[in-house]
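See structure below.
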Amino acid sequence: MYKSLNSKLVLIFIVFIIAVMATVGIFLMNSIYDYYNDEFVRQIDDGLDGIAFERMEQAMEYSDYAAKLKEVLLAYSSTFGFDNYRNFFILDDSANILSSSDESISKVDLTENILSAMNGKTGKHQTYGAKFLDYAVYLENGANKCIVYIKDDLTEMQSLSFVLFSIIIKSLIIGLIIAVIMAFFLAKAITMPIKNITRSTQKIAAGDYSQRLQNRSRDEIGTLTRGFNTMAQVIENNLDAVSGEREKLNNIVNCLEAGVAAFDGQGTPMHLNPSSLKMLSLPENSRPGFNEFTSAMGLADITMKRLKKEKQLHIAEHTLSDVKTRELIVSVDFSVFSYENGTKTGYIVVIQDITEGAVLENSRKEFIANVSHELRTPLTSIKGATETVLDDDEMPLSFRKKFLGIVINESDRMTRIVKDLLVLSRLDNRRMTWSPGTFDINETLDRMCSALQTEANDRSHTLVYEYTGKDQAPLYGDKERIEQVVANIIGNSLKYTPNGGNIHVKLEKHGSKAYEITVSDNGIGIPADDIEHLFERFYRVDKSRSAQAGGTGLGLSIAKEIVDAHNGTITVESVEGKGTTVRIILPVDTRVGEGKNDEKSV
């Protein structure tokens, strides 16, 4: 709640004022009690030290001494401070009331001071926190014995305390108002330079190294401002120097005939010289990642994970058979390097053209290499089995075709499973490479629904797209991955809705900073017990129907991982036999790559 410096300073002032006023209030309340206590004892002591005490001793000579004492005490009421709240009682030596200033009281409780008076002493000790003050003095004249007991019920002190408490509360409220106002202006004066530094720091982080701050103060903030300006200047100078050295290195590498490619730890290209792109027949402005680059060379088995383990790899001879001009035979060197003070790891690939020296040798090995390559392909065994069935003339044609169809379908399904597992593996290990950018999600969904109309028509479905907004719908995220999620959801609706169904795709704003994509159908629906398991891997509600529809049980798992990586949510609502609704909520700025599921963006 109190995250900003302004709030903290205001809170400190408020707590300080409350603490001071509470301390002062407690001190004053205690002082009032101590003063009233001391004043009570002093007033009674002074009264007993004067002529009033002599008159009381004379009254003890009479047989009706109790009545005489009452007359004396009433005569000296002002001396002892008797009023409606302070009364006197004349007690016998057993603490029974003989006479008093308040005839409505028939009995007094034995107190410490009364007990002292019973023992012939004067009792004037006051207990802190008691609800009354009392004073007891023992009088004796021959056979006449009594105790003069004075009791104050503190009503007057309590009234005074209440008035003082009211004054303290009013002072506290006024003090709090003044403190809040002062704290607001003080906090603004302190935090404004800090906010300026924060804004400039953010601009520097965004790449604007020309930021400088005005320095007008000589306090700690001024020192911080000067330090910031110095830091910004040093960073700008260092980056200029680094840029110059990088430009030199780029020029040197670009002039090499050998192909040179450098990638960071996530496989994102750091540098690709023209020779490397030309050797692989890639466009001059293309920026392939590590996996795409090695695949273009036909070396997809050389992975970043393998390089991290082996550090260096040398392939003495390799054929680039997909080049447009001529077949190239090259030697390829892979190596690992560190940068940024050893905190990060990258990969370098160097390709040397050795075509002329290797043509004759490769001609001899070409046949063996091709056969070996085919044998290493996992699907070769399936293809061989298919050819064996086709060569069997005695097998009925319908069974033969059915068997071959199953083999082909299972091969395709295995391929899809491998691809899906690779995607999930990258997501799980935060090695997914994202390509974030700003695009119009409305235009994207409209185009996707138009592209799927043919499939919907084949199944006699009605596929409708609706956008509730009027303006463009810009979204920052990985367009291709979001399309993959939506295509999977709409594809499920097309597959699992009986022919002639209705599929409704809707885009609308979800608050001010998010979009909600809803895909609804009136298909077969999902049992309630299965909904919570839908995003589990390999989970299928109806395995037979999923297999017929070509499902692997990984589509929704991948969809959820991608949505999570975009800091969004995906939920499913369904009623069996009535239909299913899938809701995807994506923030306008998905901050893909900063979520829980991924690495740096491309």
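- In this structure His125 satisfies the ring pair (Phe, Tyr, Trp, His ring centres under 6.0 Å) test with no other residue, sequence neighbours excluded.
- Taken to the nearest 0.5 Å, the CD atom of Gln43 stands 9.0 Å off from the CD1 atom of Ile150.
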Checking side chain to side chain contact (heavy atoms under 4.5 Å, CB included) for the pair Leu115/Glu112: CA distance, chi angles, key distance, verdict? CA-CA 5 Å; Leu115 293 175; Glu112 179 182 351; 5.7 Å; no
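- Of the residues Ile585, Ile482, Asp589, the one that meets the side-chain contact (heavy atoms from CB on, under 4.5 Å) test with His566 is Ile482.
- Nearest heavy-atom pair across Pro474 and Val588 is O-CG1, 3.7 Å.
- Other residues, nucleotides and ligands contribute over 12 non-hydrogen atoms within 6.0 Å of the CD atom of Glu508.
- The SG atom of Cys146 sits 13.0 Å away from atom CG of Asn96, with the distance rounded to the nearest 0.5 Å.
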With a cut-off of 3.5 Å and sequence neighbours excluded, list every side-chain donor-acceptor pair involving residues 55-67.
{"unit_1": "Tyr65", "atom_1": "OH", "unit_2": "Lys145", "atom_2": "O", "d": "3.2"}

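- Note that the CG atom of Asp38 and the CG atom of Asp45 stand 10.5 Å from one another [nearest 0.5 Å].
- Interatomic distance, OG1 of Thr518 versus CD of Glu573, reported as 9.0 Å (0.5 Å rounding).
- When atom types are taken as modelled, the side chain of Ser557 and the backbone of Glu536 share a donor-acceptor pair closer than 3.5 angstrom.
- Taking Thr111 as the reference, Asn113, Ile114, Phe132, Asp134, Tyr149 meet the side chain to side chain contact (heavy atoms under 4.5 Å, CB included) condition, with sequence neighbours excluded.
- Using a 4.5 Å cut-off on side-chain heavy atoms (C-beta onward), Leu73 and Ser101 make no contact.
- For the pair Lys70/Ser99, a side-chain contact is recorded, criterion being any heavy-atom separation below 4.5 Å from C-beta on.
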Step by step, would you call Phe89 with Leu98 a side chain to side chain contact (heavy atoms under 4.5 Å, CB included)? CA-CA 8 Å; Phe89 302 88; Leu98 301 175; over 6 Å; no
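- Inter-residue side-chain proximity for Ile490 and Cys449 is flagged as met; some heavy-atom pair is nearer than 4.5 Å.
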With side chain to side chain contact (heavy atoms under 4.5 Å, CB included) as the test, would you mind laying out the steps for Val485 and Val563 before giving the verdict? CA-CA 8 Å; Val485 173; Val563 172; 4.0 Å; yes
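- The number of heavy-atom neighbours closer than 6.0 Å to CD of Gln472, taken from other residues, nucleotides and ligands shown, is 12 or below.
- Between the Asn119 side chain and the Lys121 main chain, no donor and acceptor come within less than 3.5 Å of each other.
- Rounded to the nearest 0.5 Å, atoms CG (Asp564) and OG1 (Thr569) are 8.5 Å apart.
- Note that the CG atom of Leu110 and the OG atom of Ser94 stand 9.5 Å from one another [nearest 0.5 Å].
- When all heavy atoms of Phe53 and Leu48 are compared, the closest pair comes out as CB-O, 2.9 Å.
- Across every non-hydrogen atom of Arg86 and Phe80, the tightest pair is NH1-O, 2.9 Å.
- Counting heavy atoms from C-beta on, the side chains of Asp92 and Ile147 never come closer than 4.5 Å.
- Looking at residues two or more places apart in sequence or on another chain, you find no ring pair (Phe, Tyr, Trp, His ring centres under 6.0 Å) involving Tyr76.
- Surrounding CG of Asp529 are at most 12 heavy atoms belonging to other residues, nucleotides or ligands under 6.0 Å away.
- A salt bridge does not link Glu516 with Lys509: every distance from a Lys NZ or Arg NE/NH1/NH2 to an Asp or Glu carboxylate oxygen is 4.0 Å or more.
- Across Asp478 and Val592, no two heavy atoms sit closer than the pair N-CG1, 4.4 Å.
- A donor-acceptor pair under 3.5 Å is absent between the side-chain atoms of Thr268 and the main chain of Asp264, judged by distance alone.
- Residues Leu507 and Ile441 form a side-chain contact, since some pair of their non-hydrogen atoms from C-beta on lies under 4.5 Å apart.
- For the pair Thr580/Val572, a side-chain contact is recorded, criterion being any heavy-atom separation below 4.5 Å from C-beta on.
- Taking the six-membered ring where the residue is Trp, Phe82 and Phe88 present tilted rings, their angle falling between 30° and 60°.
- The two atoms that bring Val72 and Ala52 nearest to each other are CG1-O, 4.0 Å, heavy atoms only.
- Proximity of Gln484 to Ile562: side-chain heavy atoms (C-beta onward) are separated by under 4.5 Å at one or more points.
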Before you tell me yes or no, could you show the steps for Glu466 and His504 under side chain to side chain contact (heavy atoms under 4.5 Å, CB included), namely the whole-Å CA-CA distance, both residues' side-chain angles and the distance that decides it to 0.1 Å? CA-CA 8 Å; Glu466 176 188 0; His504 184 204; 2.9 Å; yes
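- Side chain of Asn141 to backbone of Asn144: no donor-acceptor contact under 3.5 angstrom is found.
- Looking only at distances, a side-chain donor or acceptor of Gln126 sits under 3.5 Å from a matching main-chain atom of Lys124.
- Using a 4.5 Å heavy-atom threshold, the side chains of Leu133 and Tyr135 count as separate.
- Taking Glu576 as the reference, nothing meets the salt bridge (charged side-chain N to carboxylate O under 4.0 Å, His left out) condition, with sequence neighbours excluded.
- For Ser104, the side chain to side chain contact (heavy atoms under 4.5 Å, CB included) test picks out Asp102, with sequence neighbours left out.
- In this structure, Asn522 contributes its side chain and Asn502 its backbone to a donor-acceptor pair below 3.5 Å.
- The two residues Ser574 and Gly579 come nearest to each other via the heavy atoms OG-O, 3.0 Å.
- Looking at Asn567 and Thr590, their side chains never bring a donor and an acceptor atom within 3.5 Å of each other.
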